Visitor: 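Shown below is the structure under consideration.
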Amino acid sequence: MRTMQQIKQIDIREQNLKNVYDYVLHSSGASRAKIAKALGLSRPSSSSLVDELLSMGALFEDGKEEGERGVGRTPIVIRADFRRHFCIVLFWKPKRISASVVSMAQDKSGAERVLESLECPVSSAKEYGKRSLSLLSDFKNKYEKVYGKDKYLGSVLVLPGIVDPLRRAVLSHPLGIDLETGRRIISEIEESGENSVGILNDNAILGYAAMQRLNLQEKNFLYINLSTGIGAAYFMKGEIFGDAGGKLTQFGHIIVHPGGSLCSCGSRGCLEAEIGEHALQEQFASYFGKEELKPLLEGELLRKIIDGRKKAEGVYTAVKEKFLKDLSLAISNVSTMVFPDLILLGGFFSLWGEDFLEELKAEINRIGFSYIMQDLHLLYSKEEKEELQAAAADYFFSRYFHFTERKIEGIHLG
């Protein structure tokens, strides 16, 4: 049985190993001497940590650094590795699962890291768990033969909805997963024998990807996503507010019209119920035809509306004005609580165009708390599919990988 002192020493070494790995990952030309100096470690301690990371495949020595010739030996450049380790990433979408195998070579681009991708249809909400387990099994068997069983770090399941660790359930209105179905899905995963799985909210991962791409680790920012629904995640100095389960930032369910349209969550007048895809579908059905607008594919409905605005100019203008006002009200309300430096509009918001962004800024400044809104910045965030797959693997790794144990273990919700 470990004593408290032993546990404390393990925790310190775990943090030191992580610090060394992170420093090498984000630094060019790292050497043992540079690592020791940057992290305030003694040379022997730094060298011991580097040796341990080399032995587990987290780092590798990449020849000599030509720029530091002089007295003594030329330092050997150390780089981040995990090049032969991989994660499996599944994004749950309406009626399908987008599955990928992602290399953990974190110094490469998202496109370089995605080793294989496929789309898998899902016939009903209750099938998401079983279909995911089947995909995990197939990918694991294939890539463990190539890289070895010790190179599989785990699997990440990303979904639009709430991941609830207390109820051991997921809840997703876009996917048609109610609480009872969500409990069964988690039970299936827990009973499957899989022992390295993360189940995460999609907005958290989308925001995490944007943070990495735009180097926003020192900023407080709100990421808002428009897809089948409307969601958000808030980041404070590189950390997700709450966790990656989506319980604390249900932006789409801010009430903007008390007593308004009935939302799938049970409330009336939610932002999602007023300007989400279901609301847009009803407003434009008479112009495009119900059958033409029937498939609620992410972004396709909004794209169809914007491309066909000349056919329904009057309705288009009215809907755009309502979209602006309701979104401005929601952003103004949330900004008084979290005071972000920046708001990123991701997903399919950018389909509205740059003029919409300027109109949105003007409306927010008109109705919002002037002291806060005067310094508020809004930007579109345009993500690539491979970038999101890599970000899901990176978040899972950064949150749950234990260097001292050399693995990720357990079913992690959020």
Side-chain angles (χ1 to χ4, degrees), residues 160-166 171-174 200-211 214 216-227 229-261 263-276 279 322-347 349 356-381 395 399 414:
I162 294 173
V163 182
D164 190 339
L166 295 178
L171 175 67
S172 174
H173 297 300
L200 312 173
N201 169 264
D202 62 342
N203 299 310
I205 298 306
L206 292 165
Y208 187 82
M211 181 181 71
L214 300 174
L216 298 176
Q217 286 81 358
E218 299 303 315
K219 296 283 188 180
N220 295 335
F221 72 95
L222 180 69
Y223 176 89
I224 305 174
N225 176 42
L226 175 63
S227 58
I230 302 173
Y234 185 62
F235 291 76
M236 300 178 292
K237 300 292 189 293
E239 298 292 333
I240 301 175
F241 175 58
D243 54 30
K247 287 184 67 177
L248 300 184
T249 45
Q250 284 295 305
F251 179 79
H253 299 287
I254 291 176
I255 295 176
V256 293
H257 285 281
S261 301
C263 183
S264 57
C265 75
S267 295
R268 287 189 174 273
C270 293
L271 181 68
E272 190 167 296
E274 295 292 334
I275 63 171
K322 176 176 172 58
F323 201 103
L324 274 168
K325 289 184 176 180
D326 289 351
L327 182 60
S328 298
L329 179 59
I331 289 175
S332 297
N333 285 338
V334 78
S335 296
T336 61
M337 300 189 67
V338 296
F339 207 165
D341 303 312
L342 172 69
I343 290 180
L344 292 176
L345 300 176
F349 275 113
F356 176 86
L357 195 62
E358 292 304 314
E359 292 174 76
L360 182 62
K361 289 179 182 178
E363 182 65 13
I364 290 171
N365 282 319
R366 186 184 73 83
I367 67 172
F369 184 178
S370 59
Y371 174 75
I372 295 175
M373 302 308 163
Q374 63 183 343
D375 296 320
L376 188 63
H377 299 284
L378 281 83
L379 293 173
Y380 285 134
S381 179
Y395 177 83
R399 179 75 183 269

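Please read all numbers here as calculations on a predicted model, not as lab measurements.
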Visitor: Could you tell me which residues satisfy side-chain contact (heavy atoms from CB on, under 4.5 Å) with Ala273, sequence neighbours excluded, listed by chain and number?
Guide: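 side-chain contact (heavy atoms from CB on, under 4.5 Å) list for Ala273, sorted by chain: Ser261, Cys263, Cys270.
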Visitor: Say you draw a straight line from NE2 of His377 to NZ of Lys361; how long is it, rounded to the nearest 0.5 Å?
Guide: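 With rounding to 0.5 Å, NE2 (His377) is 8.5 Å from NZ (Lys361).
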Visitor: Does any non-hydrogen side-chain atom of Phe221 lie less than 4.5 Å from one of Met211?
Guide: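 Yes, their side chains come closer than 4.5 Å.
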Visitor: So Leu216 and Leu344, do their side chains get closer than 4.5 Å, heavy atoms only?
Guide: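 Yes, close enough: below the 4.5 Å cut-off.
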Visitor: State, yes or no, whether a side-chain contact exists between Tyr380 and Phe356 at a heavy-atom distance under 4.5 Å.
Guide: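 Answer yes - side chains close enough.
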Visitor: Using a 4.5 Å cut-off on heavy atoms from C-beta on, say whether the side chain of Ile364 contacts that of Ile343.
Guide: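 A side-chain contact under 4.5 Å is absent here.
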Visitor: How far does CG of Leu378 sit from CD1 of Ile331, to the nearest 0.5 angstrom?
Guide: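 The distance works out to 5.5 Å.
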Visitor: Which residues pass the side-chain contact (heavy atoms from CB on, under 4.5 Å) test with Leu329, not counting sequence neighbours?
Guide: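 Per chain and number, Leu329 pairs via side-chain contact (heavy atoms from CB on, under 4.5 Å) with Val256, Asn333, Ile367.
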Visitor: Give, for atom OG of Ser381 and atom CG of Asn225, the distance between the pair rounded to the nearest 0.5 Å.
Guide: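 Output value for this atom pair is 9.0 Å.
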Visitor: How would you list all residue pairs meeting salt bridge (charged side-chain N to carboxylate O under 4.0 Å, His left out) that involve residues 322-332, not counting sequence neighbours?
Guide: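 Passing the test, one end in residues 322-332: Glu274-Lys322, Glu321-Lys325, Lys322-Asp326.
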Visitor: Kindly write out the residues that satisfy side-chain contact (heavy atoms from CB on, under 4.5 Å) with Pro174, not counting sequence neighbours, or none if the list is empty.
Guide: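 If we apply the side-chain contact (heavy atoms from CB on, under 4.5 Å) test to Pro174, skipping adjacent residues, the hits are Pro160, Ser172, Thr228.
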Visitor: Rounded to the nearest 0.5 Å, how far does CG of Leu376 lie from CG of Leu342?
Guide: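 Atom-to-atom, Leu342:CG and Leu376:CG are 8.0 Å apart.
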Visitor: Looking at every heavy atom in both His173 and Cys265, which two are closest together, and how far apart are they?
Guide: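 Residues His173 and Cys265, closest heavy atoms: NE2-CA, 3.6 Å.
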Visitor: Return the set of residues passing ring-ring contact (aromatic ring centres under 6.0 Å, His included) with Tyr395 (not counting sequence neighbours), or none when no residue passes.
Guide: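 Once residues adjacent in sequence are excluded, the partners of Tyr395 under the ring-ring contact (aromatic ring centres under 6.0 Å, His included) criterion are Tyr208.
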Visitor: Atom OG of Ser264 and atom CG of Leu171: how far apart are they, to the nearest 0.5 Å?
Guide: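 So the gap between those two atoms works out to 8.5 Å.
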Visitor: Give, for atom CG of Leu226 and atom CG of Asn203, the distance between the pair rounded to the nearest 0.5 Å.
Guide: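 One gets 10.5 Å once the value is rounded to the nearest 0.5 Å.
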Visitor: Only pairs under 3.5 Å count here: list side-chain donor-acceptor contacts from residues 230-249, not counting sequence neighbours, and write none if there are none.
Guide:
{"unit_1": "Tyr234", "atom_1": "OH", "unit_2": "Val338", "atom_2": "O", "d": "2.7"}
{"unit_1": "Asp243", "atom_1": "OD1", "unit_2": "Gly245", "atom_2": "N", "d": "2.8"}
{"unit_1": "Thr249", "atom_1": "OG1", "unit_2": "Ala232", "atom_2": "O", "d": "3.0"}

Visitor: Is any side-chain heavy atom of Tyr223 less than 4.5 Å from a side-chain heavy atom of Leu206?
Guide: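 Of all side-chain heavy-atom pairs linking Leu206 with Tyr223, at least one is under 4.5 Å.
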Visitor: May I ask you to test the Gln250-Ile162 pair for a side-chain heavy-atom distance under 4.5 Å?
Guide: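 Touching, per the 4.5 Å side-chain cut-off.
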Visitor: For a 4.5 angstrom cut-off between non-hydrogen side-chain atoms, does Phe349 reach Leu357?
Guide: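 The answer is no, as the side chains (C-beta and beyond) never meet within the 4.5 Å cut-off.
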